[in-house]
There are 2 protein chains.
Amino acid sequence: MMFSKACEYGIRAAVYVTLQSLEGRRVGVNEIAEEIDSPIAFTAKTLQQLTKNEIIHSVKGPNGGFEIAREDMDSAKLSMIVKAIDGDKIYTGCGLGLKECNAQKPCPLHDRFLDIRNNLRNMLESTSLFDLATGLEVGLTYLKR
Amino acid sequence: MMFSKACEYGIRAAVYVTLQSLEGRRVGVNEIAEEIDSPIAFTAKTLQQLTKNEIIHSVKGPNGGFEIAREDMDSAKLSMIVKAIDGDKIYTGCGLGLKECNAQKPCPLHDRFLDIRNNLRNMLESTSLFDLATGLEVGLTYLKR
DNA sequence: CTAATAAAAGATATTTTTATCCTGAATTAT
DNA sequence: ATAATTCAGGATAAAAATATCTTTTATTAG
């Protein structure tokens, strides 16, 4: 609706990793894909993106998997995940697809979009993985279906 | 960024048609595509969608083209164009891609998205083609580049 | 009525996104 | 050391979105 599939999977996967890290568990791609109801191999790719961008951490070998340190759960904002996977077009791009659209040379929707875009950016920049995981933890929110 | 390419072209095309209709001119696909800097044939398809949905009107034959009646310029809201081309997933779809995401069974972002989505919907439902064309008319906004 | 014009519609091609599969590299337990 | 496990990376496939080309239909001017 707003993010690519890859990004949707990325956010859901990261939130699940966070939830499990809170319990001290490291989780593998198979479990993640199962728990967020996503295609395994494709989800693995997006998890790679997240580790490359140092948003989550991965460990190879037996008992390996993905995890995130408690102190990183607060600093890891949604905006970082979105930027890592979808780039920053959601912030900088024109709503009507103009190459350059700015205050000097705005598209007809430019001003009306400013508001909405800022709203969105504020939300993404202020919401952390920890914030999202806690809702899940107490059974208020869901990552599947 | 938010809409499909088809929808971006659709909005820009509709605004240009409105602008020209205000001058009493009917316009053809070639001129439209030229003026909004979009691929001709693809733009023609989206214009078809708009006429099928009775948002703009088309006339075949010599001196034919696209137009919109003055009285329809106010009632034609952006939301109608978006719905005609991209469907209503932008209103109803879950930000994280869950099949069913609602107050009863929300995704972790559900509440935070409500605000943004309503903002967007309000904007789309309250902005008319006339509103957008007037900015263009006085040279405040642009449809190209 | 005929020829010319312009949108509608259908067929096809290209590009991007999404998805899968297979091999390689790192790590760990035995 | 060896085998098993798990992520990383590359190659490939399928689906969807974007784009183009051709034919058909409607309309109008002459």
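Because the structure is predicted, anything quoted here is derived from the model rather than measured. Sequence lines set the chain letters: A, B, ... in the order given, protein chains first and strands last, and positions in each chain run from 1.
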- Item | Whole angstrom value for the distance that separates C1' of C:dA29 from NZ of A:K60 | 18 Å
- Can you tell which of D:dT28, D:dA8, C:dA8 lies closest to the side chain of B:P62? D:dT28
- Query: Checking side chain to side chain donor-acceptor pair (under 3.5 Å) against A:E67, which of A:R25, A:Q20, A:H57 comes through?
  - Reply: A:H57
- Item | B:T46: side chain to side chain donor-acceptor pair (under 3.5 Å) partners, not counting sequence neighbours | none
- Message: We want to know whether B:S58 and B:T51 form a side-chain donor-acceptor pair, criterion being a heavy-atom distance below 3.5 angstrom.
- Response: no
- Does B:Q48 place a side-chain N or O at less than 4.0 Å from the phosphate oxygens OP1/OP2 of C:dA7? no
- Message: Checking the side chain of A:N53 only, and the main-chain atoms of A:Q49 only, is there a donor and an acceptor separated by less than 3.5 Å?
- Response: yes
- Task: Could you work out which one of C:dT27, D:dG9, C:dA4 sits closest to the side chain of A:K52?
- Result: D:dG9
- Query: With B:D37, which of B:R12, B:K144, B:R145 fulfils salt bridge (charged side-chain N to carboxylate O under 4.0 Å, His left out)?
  - Reply: B:R145
- Query: Looking at side-chain heavy atoms only, is the closest gap between B:E125 and B:L78 below 4.5 Å?
  - Reply: no
- Counting any heavy atom closer than 4.0 Å, what does A:G64 reach on the DNA or RNA strands: base, sugar-phosphate only, or nothing? sugar-phosphate
- Query: Among B:I90, B:L124, B:D88, which residue meets the side-chain contact (heavy atoms from CB on, under 4.5 Å) test with B:K83?
  - Reply: B:D88
- Rounded to whole Å, CG of A:L47 lies from P of D:dG9 at a distance of 13 Å
- Task: For residues B:K77 and B:S126, determine if any side-chain heavy atom of one lies less than 4.5 Å from a side-chain heavy atom of the other.
- Result: no
- Message: Does a side-chain N or O of A:T51 approach OP1 or OP2 of D:dC7 to a distance below 4.0 Å, or not?
- Response: no
- Note on the structure: In whole angstroms, the gap separating P of D:dA16 from CG of B:D86 amounts to 16 Å
Distances under 3.5 Å between nitrogen or oxygen atoms of protein and nucleotides 10-20 of chain C:
unit_1 : atom_1 : unit_2 : atom_2 : d
C:dG10 : N7     : B:K45  : NZ     : 3.0
C:dG10 : O6     : B:K45  : NZ     : 2.7
C:dT18 : OP1    : A:K5   : N      : 3.0
C:dA19 : OP1    : A:Y9   : OH     : 3.4
C:dA19 : OP2    : A:Y9   : OH     : 3.0

- Item | Candidate pair A:L96 and B:Y9, rule side-chain contact (heavy atoms from CB on, under 4.5 Å), full reasoning | CA-CA 8 Å; A:L96 292 188; B:Y9 299 152; over 6 Å; no
- Specify the separation, in whole Å, of atom CD1 of B:I85 and atom P of D:dA19. 13 Å
- Query: How long is the line joining CG of A:N63 and C1' of C:dA26, in whole Å?
  - Reply: 15 Å
- Residues from residues 16-35 of chain A lying under 4.0 Å of DNA chain C - heavy atoms: none
